[in-house]
Amino acid sequence: MKKPDLKVVLLGDMNVGKTSLLHRYMERRFQDTVSTIGGAFYLKQWGPYNISIWDTAGREQFHGLGSMYCRTASAVILTYDVSNMQSLLELEDRFLGLTDTASDDCIFAVVGNKIDLTDDYDSENELEGERPRTSSKIHRQVNLEDAIAFYKRIMKYKMLDENVAPAAEKMCFETSAKTGYNVDVLFEGVFNMVLPLIVKKKASGREETVNLAQSKSENSKNRCC
Ligand SMILES: Nc1nc2c(ncn2[C@@H]2O[C@H](COP(=O)(O)OP(=O)(O)OP(=O)(O)O)[C@@H](O)[C@H]2O)c(=O)[nH]1
Ligand SMILES: [Mg+2]
């Protein structure tokens, strides 16, 4: 198996739908899940590149593993449930700190899942995505504005210049793993944003191999004379 060129990590509280989002995107279906233990990854071929997408466990008992999964990550998808304000608050309280081990140029997406459950889903989005077949609707607890405000606090926490970092409006998504709404838009939007990072890494990687070759010949030059 070819070594992944980049790593994308899904973080978020238990039950927000991280595994379901990955199933929907990678296997094109919404299926029963069990609570994730530790972490698991999928490999996604994206153009000539390989991207590993890591699904992590939201349960408290696996919390410590999060920073390990985030190590060298180029993108972190911070996921909450739009019907559960606490799941957004957890992202800031419990998960954001785990991303300290990610790459310096890591990008962040904030994703509100389970939009199909909310009573405003149909009206706003009926022309896009598949319409849900849920009968009982609940009132959303988290608005997109709350996610945008949280994204801006991430930029502050990372000491990134808001004018340089990707705009909050571009990096906050509302999805439904159940209907598939916005799931491809999310993952492919993130892949396209990390692509330049792959090119940059490879270019710098190429310099290293050239340097190594040069230094070797220099060494042998040094050794022989
Ligand atoms: N209605 C609805 N239910 C969803 C959606 N996404 C996930 N679920 C349900 O929410 C529950 C939890 O989904 P998971 O994907 O296992 O959640 P998770 O974030 O991976 O949870 P952990 O692995 O414990 O961290 C399951 O019953 C899913 O079927 C969605 O978009 N809409
Ligand atoms: Mg899971």
Side-chain angles (χ1 to χ4, degrees), residues 1-12 16-29 31 33-59 62-79 91 95-111 113 154 158 160 164-166 170-171 173 175 177 183-220:
M1 178 172 70
K2 217 182 129 233
K3 195 167 139 329
D5 297 298
L6 271 188
K7 182 198 262 190
V8 174
V9 180
L10 280 148
L11 288 182
V16 296
K18 301 180 296 300
T19 302
S20 300
L21 282 168
L22 256 181
H23 282 172
R24 167 59 77 181
Y25 181 64
M26 296 300 289
E27 297 171 18
R28 318 308 291 169
R29 57 198 167 124
Q31 64 198 55
T33 58
V34 289
S35 191
T36 303
I37 293 173
F41 80 95
Y42 282 86
L43 211 52
K44 172 73 183 170
Q45 175 95 29
W46 190 246
Y49 302 117
N50 268 325
I51 298 179
S52 59
I53 317 167
W54 282 84
D55 180 20
T56 62
R59 270 190 292 178
F62 298 107
H63 187 64
L65 295 175
S67 49
M68 180 188 74
Y69 289 120
C70 283
R71 190 176 311 288
T72 72
S74 297
V76 175
I77 298 176
L78 292 158
T79 315
L91 287 180
F95 291 92
L96 184 53
L98 298 177
T99 68
D100 291 352
T101 54
S103 300
D104 292 344
D105 51 9
C106 182
I107 64 166
F108 295 86
V110 179
V111 177
N113 190 40
I154 297 172
K158 293 287 176 182
L160 294 169
V164 174
K170 238 178 105 185
M171 299 311 289
F173 301 79
T175 61
V183 174
D184 289 359
V185 169
L186 161 64
F187 283 104
E188 295 176 1
V190 168
F191 295 158
N192 285 327
M193 295 200 73
V194 295
L195 220 54
L197 303 180
I198 302 180
V199 176
K200 199 172 91 185
K201 260 179 78 175
K202 280 195 172 295
S204 60
R206 205 171 297 131
E207 267 160 41
E208 265 162 41
T209 40
V210 168
N211 291 343
L212 281 178
Q214 269 170 349
S215 63
K216 217 164 98 206
S217 61
E218 266 154 32
N219 284 344
S220 55

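The figures that follow rest on heavy atoms only: side chains count, while hydrogens, waters and symmetry mates do not.
- Residues satisfying the side chain to side chain donor-acceptor pair (under 3.5 Å) criterion with E27, sequence neighbours excluded, are R29, Y42.
- Between the side chain of T56 and the backbone N or O of G39 there is no donor-acceptor pair closer than 3.5 Å.
- In this structure a side-chain-to-backbone donor-acceptor pair under 3.5 Å is missing from T72 to S103.
- The side-chain hydrogen bond (donor to acceptor under 3.5 Å, both in side chains) contacts involving residues 183-198 comprise Y25-E188, R28-D184, W46-N192, where partners must be two or more places apart or lie in separate chains.
- T19 and D55 form a side-chain donor-acceptor contact under 3.5 Å, judged by distance and modelled atom types alone.
- Within the model, atoms CD1 of I51 and CG of L6 stand 6.0 Å from one another, a figure rounded to the nearest 0.5 Å.
- Remark: side-chain polar atoms of K158 are paired, donor with acceptor, to backbone N or O of T99 under 3.5 angstrom.
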Give the C-alpha distance, both sets of side-chain angles, the deciding distance and a yes or no for side-chain contact (heavy atoms from CB on, under 4.5 Å) between M68 and L65.
CA-CA 5 Å; M68 180 188 74; L65 295 175; 4.2 Å; yes
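- Remark: side-chain polar atoms of D5 are paired, donor with acceptor, to backbone N or O of N50 under 3.5 angstrom.
- Legend: residues meeting side chain to side chain donor-acceptor pair (under 3.5 Å) with K200, ordered by chain and number and at least two apart, are D105.
- Looking at residues two or more places apart in sequence or on another chain, you find a side chain to side chain contact (heavy atoms under 4.5 Å, CB included) between S52 and P4, K7, F41, L43, W54.
- One distance of note links CG of L22 with CZ of F187; it measures 4.5 Å at 0.5 Å rounding.
- Side chains of K18 and L21 form no contact here, defined as non-hydrogen atoms less than 4.5 Å apart.
- At a threshold of 4.5 Å between non-hydrogen side-chain atoms, the residues I154 and M171 do not count as touching.
- Not a single salt bridge (Lys or Arg N to Asp or Glu O under 4.0 Å) links K170 to another residue, sequence neighbours left out.
- Here the closest non-hydrogen pair linking Y69 and V9 is O-CG2, 3.3 Å.
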Begin from the C-alpha positions of V8 and K44 and carry the test side-chain contact (heavy atoms from CB on, under 4.5 Å) through to its verdict.
CA-CA 10 Å; V8 174; K44 172 73 183 170; over 6 Å; no
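- T101 places a side-chain N or O within 3.5 Å of a backbone atom of S67 that can act as its donor or acceptor partner.
- Contacts of F95 classified as ring-ring contact (aromatic ring centres under 6.0 Å, His included), with partners at least two apart in sequence or in another chain: H63.
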